[in-house]
Amino acid sequence: MTSNERVVVIGSGLAGVRLARRLDELGTPVTLIGEEEHPPYNRVLLAEVLAGRYGPEVIALPAPAGPTRARATGIDRAARTVVCADGTVIGYHRLVLATGSHPVLPPLRGLFTAGHELPGGVHAFRTLDDCLGLDRAVRPGVRAVVVGGGLLGVSTARALAVRGARVVLAQQSERLVERRLDPDASRLVRRHLTGLGVEVHTGCRVRDVRCAAGAVRSVELADGYVLDTDLVVLACGVRPRTGLARAAGLEVRGGVVVDDELRTSDPYVHAVGDCVEHAGTVYGLAAPALEQADALAALLAGDTRARYTGTRSLTRLTLTGPGGPLDLAAFGEVEALPGDDVVQLTDATRGTHRKVVVRDERLVGGVLVGELGTVGALARAWEGAEPLPSGDGPPLHLLTHDGGS
């Protein structure tokens, strides 16, 4: 495309703002559409706002000239226009969907007794408005149940506990953050939460939300046990937000399907971020979203060589509290297959755990908790997928030096 052709970006999250800023810097006309009333912000840091570590202004994202405040309701691909809820029609030469994801709301009895509104005291945790609503509700001694024990559930439970709430975390699977961490790392995260006073239940499914006078009063577990509570936070994961794309007739599977040029089934419509499925993968993480935005900005600005070929993404999380911080990082395959070499160093007293998995002399994954001095060198070895130096024994050097990082 030429430099005077306008790009319209729907979505003012990390990916949308990054793309719009890059295009602005490259001299490509861009219109950013964001439906939230707040200026663009870094969603990744919402738990830190809830914990009181940051104010909302600290997580604001630098965006190009003010985003258009509107809710996009439809795309007319033939006319190349976006239709908004207030009747505004915005024309585009190229359209980019950066619509992100929305929270998964579990099918709990009693959850939607008042139509589509959540009962009083029941909160999703995805937007700044969600965060501010929780912030107003939290006070020392308030009873809170967090449903979900992934990264979001763990971060939310920690934030509420730091604020003085009496927190119960209910996780349906057998351990915390099971999709990212190995069992030893999960146990250390659980120990950190219990040290903050969080009551952790794993292998535990919530089946019922009980309300009175329009507000939550308790939740019932699958075994019939009832937890009295003042707050319920639903932290059950997210799902790509694909409604606009589906309605426009674009190809959607797990997310909006794109190729290496981040192009959808319509050559004039691209997509980036959490809403995207690329090469069969829906990432739902910040690093791939930013890489996609950078690649697409270069391509739309005229770099015909620009491509997005996937991200080997490392997960980082820092939990803070009165007992000190707990840092963790995980990448690749953290569970070994038969024939793999595993190098592991665990110190239960210090609360540290370091483990890597080596297959055919290549590093295929690892997890570190509490001591991340080697994470830079490990990430480079994993991303490069190069054979490791051969030796007579297990590659302990992977865990005992920082490789200059």
Side-chain angles (χ1 to χ4, degrees), residues 46-47 50-51 102-127 129-179 181 183 186-239 319 321-322:
L46 284 176
L50 180 60
H102 53 75
V104 173
L105 301 181
L108 306 181
R109 289 197 306 244
L111 193 57
F112 293 108
T113 53
H116 295 290
E117 296 294 324
L118 294 173
V122 179
H123 299 259
F125 190 28
R126 182 64 182 163
T127 68
D129 280 335
D130 294 335
C131 182
L132 296 176
L134 267 174
D135 179 70
R136 290 190 292 269
V138 177
R139 61 187 183 278
V142 73
R143 299 167 300 179
V145 174
V146 177
V147 182
L151 288 172
L152 178 61
V154 166
S155 298
T156 305
R158 185 269 306 178
L160 293 171
V162 168
R163 293 283 299 277
R166 292 184 287 159
V167 184
V168 175
L169 187 152
Q171 163 73 324
Q172 185 168 337
S173 62
E174 295 302 318
R175 54 189 173 86
L176 300 177
V177 202
E178 65 166 357
R179 294 184 181 180
L181 304 181
S186 292
R187 278 191 288 271
L188 288 175
V189 171
R190 180 169 184 158
R191 189 174 81 172
H192 181 83
L193 290 180
T194 56
L196 294 174
V198 178
E199 185 180 326
V200 179
H201 295 268
T202 53
C204 166
R205 183 174 63 85
V206 175
R207 71 179 181 189
D208 196 1
V209 174
R210 297 180 178 179
C211 301
V216 66
R217 293 290 180 263
S218 63
V219 298
E220 181 183 351
L221 306 182
D223 61 5
Y225 188 71
V226 176
L227 297 168
D228 293 333
T229 190
D230 306 300
L231 292 175
V232 174
V233 184
L234 304 174
C236 306
V238 295
R239 185 174 291 121
L319 304 175

Validation row: V167, R158 side chains within 4.5 angstrom (heavy atoms): no

Considering all heavy atoms, the nearest A51-V162 contact: O-CG1, 4.0 Å

Euclidean distance, L193 CG relative to L176 CG, rounded to 0.5 Å: 6.5 Å

Return a table of donor-acceptor pairs under 3.5 angstrom between the side chains of residues 140-152 and protein atoms on other chains or two or more places apart.
unit_1, atom_1, unit_2, atom_2, d
R143, NE, D230, OD2, 3.2
R143, NH2, D230, OD1, 3.0

Min side-chain heavy-atom separation R109-E220 under 4.5 Å: yes

Straight-line distance of C131 SG to R136 CZ, nearest 0.5 Å: 10.0 Å

Approximate separation, where rounding is to 0.5 Å, of L160 CG and L169 CG: 10.0 Å

Heavy-atom pair of closest approach, residues P106 and L111: O-CD2, 3.3 Å

Which atom of A47 lies closest to which atom of S155, heavy atoms considered: CB-CB, 3.9 Å

Full working for side chain to side chain contact (heavy atoms under 4.5 Å, CB included) between V168 and V219: CA-CA 11 Å; V168 175; V219 298; over 6 Å; no

Exercise: identify the closest heavy-atom pair between E174 and G203: OE2-CA, 3.6 Å

Side chains of L108 and V206 in contact at under 4.5 Å (non-hydrogen atoms): yes

V216 side chain near L231 side chain, heavy-atom distance below 4.5 Å: no

Least distance between heavy atoms, P119 atom then G110 atom: CG-O, 3.8 Å

Student check: side-chain heavy atoms of T229 and L227 closer than 4.5 Å: no

Heavy-atom pair of closest approach, residues Q171 and V177: NE2-N, 4.4 Å

Value rounded to 0.5 Å, distance of OG1 in T194 from CD in E199: 11.0 Å

Polar side-chain atom of R126 near backbone of V238 as donor-acceptor pair, under 3.5 Å: no

T202 side, atom OG1; R190 side, atom CZ - distance, nearest 0.5 Å: 4.0 Å

For T127, all residues meeting side chain to side chain contact (heavy atoms under 4.5 Å, CB included), sequence neighbours excluded: E36, Y41, R43, D129, D130

Check: R207 side chain, A222 main-chain N or O, donor-acceptor pair, under 3.5 Å: yes

Inter-residue atom distance L181.CG - R187.CZ, 0.5 Å rounding: 11.5 Å

